[in-house]
Protein chains: 2
Amino acid sequence: MPVTIKDVARAAGVSPATVSRTLATPELVHADTRRRVQQAVDALGYKPNRAARGLITGRTGNLGLIVPDLTNPFFPGVVKGVQTRARESDYAVFLADTDEDPSAEADVVRNLSKQVDGIILCSPRMSEEELRSLTGETPIVMLNRRVGRMPSVTVNSADGIRQAVAHLTALGHRRIAYVPGPKLSWSNRERVRALRQHTAAAGVELVEVGNVAPQFAGGVAAADQVLATGVTAVLGYNDLVALGMLSRFAARGVAVPERISVMGFDDIVLSEMVNPSLTTLAQPKEQTGRAGVDLLLQLLADPERAFSRRELESHLMVRNSTGPAPTP
Amino acid sequence: MPVTIKDVARAAGVSPATVSRTLATPELVHADTRRRVQQAVDALGYKPNRAARGLITGRTGNLGLIVPDLTNPFFPGVVKGVQTRARESDYAVFLADTDEDPSAEADVVRNLSKQVDGIILCSPRMSEEELRSLTGETPIVMLNRRVGRMPSVTVNSADGIRQAVAHLTALGHRRIAYVPGPKLSWSNRERVRALRQHTAAAGVELVEVGNVAPQFAGGVAAADQVLATGVTAVLGYNDLVALGMLSRFAARGVAVPERISVMGFDDIVLSEMVNPSLTTLAQPKEQTGRAGVDLLLQLLADPERAFSRRELESHLMVRNSTGPAPTP
DNA sequence: TTGAAAGCGGTACCAT
DNA sequence: ATGGTACCGCTTTCAA
């Protein structure tokens, strides 16, 4: 028996309409009435039922967030950013973790679409057509991926990679390896593209080893291959992969960074907790989440501007897995 | 212009009521009609609006999950467990991260209460009275905390700690330190209690150092104090604290585990990625989340059973930050 | 077996 | 400035 608008109306001796106005457009109601209503609201602890409101206004005050795998340390930061920003604008957040299953993602979008004003979707692998078909269901903002004219938040990996390549060449490296993540991942493709471009420009040789799972185990598996190529520096698709290599190198007694320099992407918290700590390209995770919400709210306020993008910058976090170990 | 029940009704040449029945209680509608309706549903891609349904049934099909800090690596696992289990029962999940702010937690509960059938609350520090006052708003299941007769999912830390103490004493340790987390945290209090009991029983001296933040930095800060006590083994409140100590020990050239053994709680992914890898008491994170949903659904199905608990087991993950280093 | 109609908790339009 | 009323999308009596 939660308290409804009628209860408040009765308590304040006004009509439900007046209560509604007091809450939505206080300036349209007489100060005295407003006060009485407000008192009743407080006394009864009335909170409007958002679902009921949404039914008529078409606005739910909710938004959806879909991520492929929350246990990948990259995502909690993004989720947190979304969450925080959403709460600032009084939005609640539906979260779905799809276990890296692109088909689940589409389902989730469809299931959620009626209950949210829009969805923030982090789906690096779903096919473009499917993605586009979802756009009809509800407004969608893509995270870390650009497809067609869909609104998106991405990071400028080209510039980050320029920084990384510059860093490594400055240290004297002339042959560097890249351990790619999932073939279909948009981020991975971007990174490969940028790496080819910037290594070529710098006159440095790029050795691409085989794709691995974007996880610690993937890095462990790739480490020996990397060593066999004889490079003096290696970039992993993400920090987990890089940490896996670090671990395997340690097990084999390969000195980092003396024998080989190691870099990752993301700057997940772990990267500074290991020893040697991992040099990495920091992605603005919470900011990405916040920007996603910003974009979505913008879109809702002004649906004309259906096409709008936000590109964030990443920056190099130099730690001691590259170059000479710092003297303490 | 999403497709509504009326659209389907029109397309199938029946009344909205019949469409509703076809979906909810198919056995009450003639096979032929049922087929026609089903075709229309499929053709139009109709999905009932859950909010509208909830308005009348009183069931939203949503549940809320509140965690203090998603960037603490303990929680993503829990969230994932909740998420997965919820989806199996066709529930959607509202997630709120309260940034370790107990007052925000109460707000969130109140805001969400109308939109969910129940809430899974992970709030180690909120006061008991406040907690109890929230119970009136919506069904609540507590995670990792027991308060009064509220339904809860906890892990049996006493038994885990028994395992840990047995392990350390078996290795010959006679004085061990504990670095506690937040004073008010339920888990921390439980751990202290169990530690006192089991060390006493084993005739081992327990040295309790000052409370620290449940984070990497907290461990770094505590490490020197720990060393000063002259113990040969130390348990951190959680893995982050333990990792912080590991890091500081490495910096000071203190050999782990030769000079001092280190243990943590939680078994977050990092704990096996560092070197030496961290011995830890594994908490069943996803299982905790799943059990939370189970409990909540049980409660909803049978509100009489308002008091019901689930206690999970933790188990020791022995890795090489305790005892003699394994020979490779 | 099916349909008409009422109503869930709100909002918004139209009167007054 | 306020109230009456229709309606949002759906479910659920109640009759037919």
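Labels below follow one simple rule: chain letters A, B, ... track the order of the sequence lines, proteins then strands, and each chain is numbered from 1.
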Flag, side chain of A/T25 to backbone of A/E27, donor-acceptor distance under 3.5 Å: no
Roughly how many Å is it from CZ in B/R35 to C1' in C/dT1, rounded to a whole number? 15 Å
A/R36 CZ to D/dA1 P, straight-line distance once rounded to whole Å: 15 Å
Stepwise, does the side-chain contact (heavy atoms from CB on, under 4.5 Å) test hold for B/V141 with B/I119? CA-CA 6 Å; B/V141 168; B/I119 285 182; over 6 Å; no
Take atom CZ of B/R50 and atom C1' of D/dT11, then tell me their distance rounded to the nearest Å. 15 Å
List, with names and distances, any nitrogen or oxygen atoms from the protein found under 3.5 Å away from nitrogen or oxygen atoms belonging to nucleotides 4-9 of chain C.
{"residue": "C/dG9", "atom": "N2", "partner": "A/A52", "partner atom": "O", "Å": "3.1"}

Name the nucleic acid region contacted by B/V14, choosing base, sugar-phosphate or nothing; use a 4.0 angstrom heavy-atom cut-off, strictly under. sugar-phosphate
Atom CZ of A/R59 and atom C1' of C/dG10: how far apart are they, to the nearest Å? 17 Å
What is the distance, rounded to the nearest whole Å, between atom NE2 of B/H30 and atom P of C/dG3? 13 Å
Would you say that B/V82 contacts B/L63 through its side chain, given a criterion of any heavy-atom pair below 4.5 Å between the two side chains? yes
Separation between CG of A/D90 and CG of B/N111, rounded to the nearest 0.5 Å: 6.5 Å
Apply salt bridge (charged side-chain N to carboxylate O under 4.0 Å, His left out) to residues A/K285 and A/D266 and explain how you reach the verdict. CA-CA 8 Å; A/K285 293 174 280 296; A/D266 292 352; over 6 Å; no
Which whole-number value in Å describes the distance from B/L23 CG to D/dC10 P? 10 Å
Value in whole Å for how far the C1' atom of D/dA1 lies from CD of A/E27: 12 Å
B/R290/B/E88 ion pair, N-O < 4.0 Å: yes
In whole angstrom, give the distance that lies between atom CZ of A/R34 and atom P of D/dA1. 10 Å
